[in-house]
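What follows is a short report on a single structure.
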2 protein chains.
Amino acid sequence: MAKRQPGAFDTWELDAPQLQDRSAELWDHSYGPVARRLLTSATRCYASKGFQATTTRDISGGAGLSPAAMYVHFPSKEAILFEIARTAHVKALDDMRSPAQDDLVERIWHIVYRHVAWNARYHVAARVAQYELANLTPENYASIREIRRETNRVYRSIVADGVEDGVFVPIDIKRVVRGIIALAVDPVRWYRHSGTDSPEDLGEFYAGLALAMLTSTPPVPASRTEPSDPTQAGEPAR
Amino acid sequence: MAKRQPGAFDTWELDAPQLQDRSAELWDHSYGPVARRLLTSATRCYASKGFQATTTRDISGGAGLSPAAMYVHFPSKEAILFEIARTAHVKALDDMRSPAQDDLVERIWHIVYRHVAWNARYHVAARVAQYELANLTPENYASIREIRRETNRVYRSIVADGVEDGVFVPIDIKRVVRGIIALAVDPVRWYRHSGTDSPEDLGEFYAGLALAMLTSTPPVPASRTEPSDPTQAGEPAR
DNA sequence: GTCTATACCTCGATAGAC
DNA sequence: GTCTATCGAGGTATAGAC
């Protein structure tokens, strides 16, 4: 059997030990120091190996504890995942809510900027929050989904106002917002603190892309392409 | 332990039985009918539950076979994953290569259109190809990565030509291409054939977004935002 | 609250009959 | 080439001493 390995995805080579990871800053201090160490350890394990592939021994060991000690602080592996996902979703949403301003260009720019910067800064925890949700119980998943819906509403209300005011071009609001969020979340997959881009640099870049999508009517190619034929490969491009 | 459940992600509620899934069209006919049934079954299991959570019994059972019969056709679970990922990457790349034309707007529009449409049409297999790569052996992963690099090159060469010619605005080529691909792949996460959008509708929409990013210089907000403070929540937006 | 030891289960893969 | 039966490994979670 192949183990889930570091280095397995373009951008998934999270190797917990040498990782510059700020997850430890995130946890609520109603958790004691040992519980917070367990959360940090689990975050790194889930991010690098996936939820299913990490064992309770990995989590406990990463926090310097024996396999059994985890159960004093959390009832299950899944409870830890839920706390990580909940915290990341709540903190990201709180951070990105832009101060209410009149200028809708400012507002959407700001929100994308902050959202991207948060996802880059806390990419290890954010990755777990984005990619491991399928491992939650239905109840816990429903709880996370509520936060995700609120995130969507925050984006949509700004875009809808902008389209109505004519600051933005007329465009399918649900679809662009889905696209903007897809862009804002993508760094979670590949961001590394060791790279050249700071979280804020990235945020600026993506905020610009979002504004481009909202403020320009792109050229429409004259030739509307025939439907793609899945059985037939196209000619090589070059 | 929480099992990986259908309905766990906004958009991950793949429930294999009632799924309109075209994966069966994809497999090379050098595989016999039984092997192809195993590939289809595995694709649906991996997409709905994840690689780690699916058992060899799930795969065999889904193909109407006993647990042991799988090993006559494939040496391991991982070998099946590799064949799914390889096929999806190769077919998507072949399909999206646009015929060489002079007009760079046409070319980038066409390639995004085809890429998105393919990912929507074969979203079940494409999801496995995108999200389960971390479960491959290093050698098999390296093989897939080569195809991914080629996909990147196809995008980059068109964008680079367009920037040089002045058809596109000056922009960081690697970063926009990463963004465009993130958009083109995102439907894999949420697309359903039961929805209102056809794969081609979606392709057109995303091709428009990509062109917007490449052909417009977005407004820059006057107030350059102060760095985000992770310990402090912003004010509610509205 | 942490430890060692272990119960109990399920999984991937194999053996061997047909 | 498919089956039934099973091995051996490794998983979650618990028991009970300290």
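These values consider heavy atoms only, across backbone and side chains, with no hydrogens, waters or symmetry-generated copies. Just so we're clear, the structure is a prediction, and the values are computed from it rather than from any experiment. Residue numbering restarts at 1 for every chain, and letters A, B, ... go by the order of the sequence lines.
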Using atom [atom1] of [X] as one end and atom [atom2] of [N] as the other, report the distance to the nearest whole Å.
X: B:Y71; N: C:dA13; atom1: OH; atom2: P; answer: 4 Å
X: B:N135; N: C:dC11; atom1: CG; atom2: C1'; answer: 15 Å
X: A:M70; N: C:dT2; atom1: CE; atom2: C1'; answer: 14 Å
X: B:L38; N: C:dA13; atom1: CG; atom2: P; answer: 14 Å
X: B:H73; N: C:dT14; atom1: NE2; atom2: P; answer: 15 Å
X: B:Y46; N: C:dG12; atom1: OH; atom2: C1'; answer: 11 Å
X: B:D58; N: C:dT10; atom1: CG; atom2: C1'; answer: 12 Å
X: B:K49; N: C:dC11; atom1: NZ; atom2: C1'; answer: 12 Å

Inset, instruction - Please confirm whether A:K77 makes a cation-pi placement over A:F51, using NZ or CZ under 6.0 Å from the six-membered ring centre and within 45° of the ring normal. - result: yes
Inset, instruction - Counting heavy atoms from C-beta on, name the nucleotide in D:dG11, C:dA13, D:dT2 closest to the side chain of A:T55. - result: D:dG11
[Y] versus [X], side-chain donor and acceptor atoms under 3.5 Å:
X: A:E78; Y: A:N135; result: no
X: B:Y122; Y: B:E25; result: yes
X: A:R189; Y: B:Q130; result: no

Side-chain donor-acceptor distances from residues 29-36 of chain A under 3.5 Å, at least two apart:
residue, atom, partner, partner atom, Å
A:H29, ND1, A:W27, O, 3.4
A:S30, OG, A:D28, OD1, 2.8
A:Y31, OH, A:E83, OE1, 3.3
A:R36, NH1, A:Y31, O, 2.6

Inset, instruction - Looking at every strand, decide which applies to B:T54 at a 4.0 Å heavy-atom threshold: base, sugar-phosphate, or nothing. - result: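 The residue B:T54 makes sugar-phosphate contact but no base contact.
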Inset, instruction - Verify whether the ring centers belonging to B:H115 and B:Y206 lie closer than 6.0 Å. - result: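 When the ring centroids of B:H115 and B:Y206 are compared, they turn out to be at least 6.0 Å apart.
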Inset, instruction - Using a 4.0 Å heavy-atom cut-off, write out nucleotides 4-9 of chain C from 5' to 3' as B (base contacted by protein), S (sugar-phosphate only) or - (no contact). - result: B-B---
